[in-house]
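What follows is a short report on a single structure.
All chains are named by letter (A, B, ...) in the order of the sequence lines, taking the proteins before the strands, and each is independently numbered beginning at 1. The shown structure was predicted, so the numbers you read here are calculated from the model rather than taken from an experiment. These numbers come from the heavy atoms of this one structure, side chains and all, not from hydrogens, waters or symmetry mates.
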There are 2 protein chains.
Amino acid sequence: MMAEPVPKPGLISNRIRTLRFHHGEMSQAELGERIGVTRQTIAAIESGKYSPTLEAAFRIADVFSVQLGEVFQWDANAGNRAQT
Amino acid sequence: MMAEPVPKPGLISNRIRTLRFHHGEMSQAELGERIGVTRQTIAAIESGKYSPTLEAAFRIADVFSVQLGEVFQWDANAGNRAQT
DNA sequence: ACATTATGTAAATTATTATTAACATATAAG
DNA sequence: CTTATATGTTAATAATAATTTACATAATGT
């Protein structure tokens with residue numbers, strides 16, 4: 001045994017990249033500055049390496065003037081889905 | 001010097017307690033079971049000791065069949081408010 | 001009185017998110 | 001070619017969330 005050396009595909013997806021481009025091609029660095037985290041953190045969140053804290057999630061939605069649910073989507077059924 | 005031995009009043013408030021009572025007086029333990037965390041974690045989140053992970057927040061909202069924003073409120077202006 | 005359930009809270013440990021620093025590639029500008 | 005910007009990625013460390021175990025009180029029921 002011993003598996004999962006991989007990150008976390010995760011049940012939570014996000015639309016950060018799209019939203020950044022729809023907001024003047026905002027860079028990861030600028031978004032990071034605006035919400036108070038580093039650009040590496042934005043990159044990690046955007047690529048789904050891990051999920052942001054609830055506060056960071058609220059702040060990101062605020063930057064784009066949308067609801068939290070329009071940035072992050074949680075798949076309630078991931079995990080217990082039919083196999084094929 | 002040396003302050004803040006206290007938790008974190010936090011910019012994020014929640015209505016978990018109210019929602020639990022409006023859903024058949026659901027106990028902290030049951031809510032915890034339903035979303036996959038312990039009752040102590042629910043107690044800590046409910047009392048504002050710290051914020052839940054984004055996934056836990058989505059799961060809690062799902063249990064009560066409401067949007068995440070109806071359970072957790074983020075005060076965008078906390079921190080930079082007028083002083084009386 | 002005794003048992004059960006719900007909740008509060010604390011300490012020690014584990015897991016996860018975030019940080020800084022570093023080095024990489026790609027692109028556009030001059 | 002050189003410079004600057006944007007992004008990808010990794011390692012080591014720090015900060016925060018969650019866990020288990022434990023003990024406490026209050027309320028309810030028998």
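Asn14(B) places no side-chain N or O within donor-acceptor distance of the main-chain N or O of Gln73(B), the cut-off being under 3.5 Å. Panel note: side chain Arg34(A), backbone Val63(A); no donor-acceptor pair is recorded below 3.5 Å. The backbone N or O of Val37(A) sits nowhere less than 3.5 Å from a side-chain atom of Thr41(A) that would complete a donor-acceptor pair.
Nearest nucleotide to the Ala43(B) side chain, out of dT10(D), dG8(C), dA17(D): dG8(C).
Within the 4.5 Å cutoff, side-chain heavy atoms of Phe72(A) are placed close to those of Ile16(A). Using a 4.5 Å cut-off on side-chain heavy atoms (C-beta onward), Ile45(B) and Ser51(B) make no contact. Between Met26(A) and Leu31(A), the closest side-chain pair of non-hydrogen atoms falls below 4.5 Å. Under the 4.5 Å side-chain criterion, counting only non-hydrogen atoms from C-beta, Arg59(A) is in contact with Leu11(B). Ile12(B) places none of its side-chain heavy atoms less than 4.5 Å from the side chain of Asp75(B).
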Shorter than 3.5 Å, N or O on both sides, protein versus nucleotides 27-30 of chain D: list them out with atom names.
none

Below 3.5 Å is the cut-off: list the nitrogen or oxygen pairs between protein and nucleotides 19-21 of chain D, distance only.
unit_1  : atom_1 : unit_2   : atom_2 : d
dT19(D) : OP1    : Gly36(B) : O      : 3.4
dT19(D) : OP2    : Thr38(B) : N      : 3.0
dT19(D) : OP2    : Thr38(B) : OG1    : 3.4
dT19(D) : OP2    : Thr41(B) : OG1    : 2.4
dT21(D) : O4     : Gln40(B) : NE2    : 2.6

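Atom-to-atom, CD of Glu33(B) to C1' of dA6(C) comes out at 13 Å; the value is rounded to the nearest Å. Rounded to whole angstrom, the span from the CD atom of Glu55(A) across to the P atom of dT19(C) amounts to 11 Å. Following rounding to the nearest Å, Ile42(A) (CD1) and dG8(D) (C1') show an atom-to-atom distance of 15 Å. Residue Leu54(A) contributes atom CG, which lies 13 Å from atom C1' of dT17(C) at whole-angstrom precision. A straight line from NZ of Lys49(A) to C1' of dT9(D) spans 7 Å, rounded to a whole angstrom. The separation between Arg20(A) atom CZ and dG8(D) atom C1' is 12 Å, rounded to whole Å. At whole-Å resolution of the value, CD1 in Ile45(A) and C1' in dT7(D) are 15 Å apart. Protein atom CG of Leu31(B) is 19 Å distant from nucleotide atom P of dT5(C), rounded to whole Å.
Residue-environment remark: CD (Gln67(A)) stays at or below the threshold of 12 foreign heavy atoms within 6.0 Å.
Heavy atoms of Ser51(B) sit under 4.0 angstrom from primed sugar atoms or phosphate atoms, though from no base atom.
Summary of the strand contacts: Pro52(B) and Gln28(A) both lie near DNA chain D, and taking for each the nucleotide with the nearest heavy atom, the more 5' one is attributed to Gln28(A).
A salt bridge is defined here as a Lys NZ or Arg NE, NH1 or NH2 lying under 4.0 Å from an Asp or Glu carboxylate O, and Glu30(B) with Arg20(B) fails to meet this definition.
Between Glu46(B) atom CD and Leu19(B) atom CG the span is 9.5 Å, to the nearest 0.5 Å.
The bend of the helix from dA1(C)-dT30(D) to dG30(C)-dC1(D), defined by the angle between the axes of its first five and last five pairs, stands at 30° to the nearest 10°.
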